[in-house]
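Working notes for the structure below.
By convention in this document, chain letters (A, B, ...) are assigned in the order of the sequence lines, proteins followed by strands, and residues within each chain are numbered from 1.
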Number of protein chains: 2
Amino acid sequence: MKNNNKLTGVKEIARLADVSIATVDRVLHNRPGVSAKTKSKIEAIIKQLNYSPNILASRLASGKIFHLAVLIPKSSDRTDFWDAPLKGIERAAEEISRYGVRVAYYFFDLNNEDSFVSSADSILKEKKLDGVLMAPSFVSKSIRFVQRCKEKKIPFVFIDSNVEEAESLSYIGPPLFESGFLGARLCVLGMHRSDKVLFVTISREGSSYNYSRIEAGFKFFFFENDLHHEMIKLDIEDTERNSVFSNLEKAFSKYPDIEAIFVTNSRVFSVAQFLELKNYSKIHLVGYDFSQENQKYLKKGMINFLICHKPEEQGYKGLMSLYHHLALKLKVDQTYYMPIDIVTRENQDFYR
Amino acid sequence: MKNNNKLTGVKEIARLADVSIATVDRVLHNRPGVSAKTKSKIEAIIKQLNYSPNILASRLASGKIFHLAVLIPKSSDRTDFWDAPLKGIERAAEEISRYGVRVAYYFFDLNNEDSFVSSADSILKEKKLDGVLMAPSFVSKSIRFVQRCKEKKIPFVFIDSNVEEAESLSYIGPPLFESGFLGARLCVLGMHRSDKVLFVTISREGSSYNYSRIEAGFKFFFFENDLHHEMIKLDIEDTERNSVFSNLEKAFSKYPDIEAIFVTNSRVFSVAQFLELKNYSKIHLVGYDFSQENQKYLKKGMINFLICHKPEEQGYKGLMSLYHHLALKLKVDQTYYMPIDIVTRENQDFYR
DNA sequence: CTGAAAGCGCTTACAG
DNA sequence: CTGAAAGCGCTTACAG
């Protein structure tokens, strides 16, 4: 109810082009059903007015529903780590549900690459799909999947770990190099008798880019500080408990004087279980993530430090960035690094 | 033109309360003119429906204009550093001008605290003011100013430097401690003959929290690496060229074997001028900001490293965060750290 | 204290 | 190929 002597927007364009606003709208969205002549006339006016549409009005009128797919690991009996990102995603979903955002969840098993592939395939079969939020836990399969997304012009956001060459809309997660660097420092803090530190990766994807970034940061700490510790690398691809134990057994028989262990992901608790079983209580243990199991061994003193990256916030921000991009047409950061938190037995009760 | 069997929002509330939507709106915004009885009835329904308003529709209908004030240093003949944040702010302002955001600019002179105060006063005199974007260059005066803003419930965002206790809506700028830490490393890189490094702050606010954070990071580098360099602190409060020169003169006569100089802000070029004049070409010089003058001395080789924090992006993000908060009611990060870039003679032509 | 109606700047059936 | 009209979910004068 304001007096409209100064028209703007589609109305003004329609007036200048001497057509209806419906026709302007068709041109604006490149929809068919407009003669070439009319189209070019309208386009000229749009350009001349330097017009850009009002996204808020557009959203309100269209009532378009955005269908987002979430592809993350399921929390297993072995680790509940992924409960946290899921919680954040659900919080975001709830917040924006009234703005026409629908979220479909697809889970996979971190110990089963096929489950990732089949979930990814299901997503691609969706008739309605406007964006994907995912953890690219299996790198090569993720690349294949996002390749298909790119072909379909469906934006995708990574959380927790990154695949840089995939050119996601956004990556929200830890700065891996720096977190490895910090990990090394936390290891050295607990080393006084020996110079041997075990660098353990327990994952089917042990050779992935992410772990190599952590390793690079880890090594760089020693280089930077002119320390000459012996770093023993141990890749455990079979993540089953027995496999973890026997691999550690072997490492310890070869290097009995290992004094610190760094585990590059949340499976640090299984190393703690091994140390507990063996009564190796003096080993200094550092790992990732504030999962239930890890908290338990942190409390017991078997784990000395946990490095955490606000997993719930990662999920929340991940979904929000899709909403910002799709619905609000806001610019989103291509890389959003989470802070690196250090959790110890002393502060664990106050974390988050 | 969708069939509306499932009403939501104000309409549904009005229907349930058996009032008009205008009355619902009055309750929603706590406007007067509603009987206590009607009000409580409506409030109960709002609560029961767990209603939250559609911000997009609200923005569109209200046509409310947000008046933002920007309070930053003006670029002087001595440094054009502040051109960059201003450019970013203007870009953001242009982008959101069609969404009812108006920006008023207030500048002050970094060498003149009074100019800050009087600009700040002018802002407070504005009849229409919904948010402030500012560089809290003068700490105590800034605190006084934002105190007034808080009383008036006007949100404010800091860029470039922070005043933590002020509890701004958001701070967008460098992580100061880390940048000081990096500065120390860049200094040490150029030190081979002596262990004396000069730590120079050229500012009327030399004792501010920000500079002390940089200093803490700077010192921590030496501590962390068990280096025992001698750090000589030099605070130059009078930023005039003559004052800078005579202060440096004094420092060099007392410590002739200074090998590196770290300058905590963009005035590093004036130290470069001194070194040039004195023909002290072997001094290793590290400072901040990609200003014209600094680029010149970087090119000449008088400055060895510049630490930069994407000033244009700081301005852009700063204004945007006010828009996100006010108009879109989105959550904004309380702290948004910019990356720390290192610029050298070799990469300066490719920076930004 | 309350409500009917117009309008924000778009989009969407629908009719021609 | 084109346009008139209703509507998205709110807000705002205005009338009573």
Open item on the list: By nearest heavy atom, map B/I21 and B/R98 onto DNA chain C; which one lands nearer the 5' end?
Closed with: B/I21

Open item on the list: Using heavy-atom distances to pick each residue's nearest nucleotide on DNA chain C, tell me which of A/R31 and B/T38 is more 5'.
Closed with: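 Upstream on the strand: B/T38.
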
Give a yes/no on whether any side-chain N or O of [X] is located under 4.0 angstrom from OP1 or OP2 of [N].
{"X": "B/Y99", "N": "C/dC10", "value": "no"}
{"X": "A/T23", "N": "D/dG3", "value": "yes"}
{"X": "B/S35", "N": "C/dT2", "value": "yes"}
{"X": "B/S20", "N": "C/dG3", "value": "yes"}
{"X": "B/Y51", "N": "D/dC10", "value": "yes"}
{"X": "A/K11", "N": "C/dC8", "value": "yes"}

TODO: Output the single nucleotide from D/dG3, C/dG9, C/dG7 whose closest atom is nearest the side chain of A/R26.
DONE: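 Selected nucleotide: D/dG3.
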
Open item on the list: Under a 3.5 Å cut-off for both contacts, is D/dA4 paired Watson-Crick or G-U wobble with anything, and if yes, with which nucleotide?
Closed with: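 Base-paired to nothing in any strand shown.
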
Open item on the list: Which nucleotide, if any, forms a Watson-Crick or G-U wobble pair with D/dA13, using both distances under 3.5 Å?
Closed with: none

TODO: Would you mind telling me which residue lines up with the more 5' stretch of DNA chain D, A/A22 or B/H29, judged by nearest nucleotide?
DONE: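 First, find each residue's nearest nucleotide; the 5'-ward one identifies A/A22.
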
Report all side-chain donor-acceptor pairs from residues 45-54 of chain B shorter than 3.5 Å, counting only partners two or more places apart or in another chain.
residue : atom : partner : partner atom : Å
B/S52   : OG   : A/R98   : NE           : 3.1
B/N54   : OD1  : B/L56   : N            : 2.9
B/N54   : OD1  : B/A57   : N            : 3.0

Task: Audit row: B/F158, B/F156, ring pair (Phe, Tyr, Trp, His ring centres under 6.0 Å) steps and yes/no - done: CA-CA 7 Å; B/F158 292 151; B/F156 52 92; 5.5 Å; yes

Open item on the list: What is the separation between atom CD1 on A/I13 and atom C1' on D/dT2, rounded to the nearest whole Å?
Closed with: 17 Å

Open item on the list: Rounded at 0.5 Å granularity, tell me how far CG in B/D341 sits from CZ in B/F290.
Closed with: 10.0 Å

TODO: Please say which of B/E95, B/E90, B/K87 ends up in a side-chain hydrogen bond (donor to acceptor under 3.5 Å, both in side chains) with B/Y316.
DONE: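 So the option named by the test is B/E95.
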
Open item on the list: Looking at B/R59 and C/dG9, is any side-chain donor or acceptor paired with a base atom of the opposite kind under 3.5 Å?
Closed with: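 Checked by distance alone, the answer is no.
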
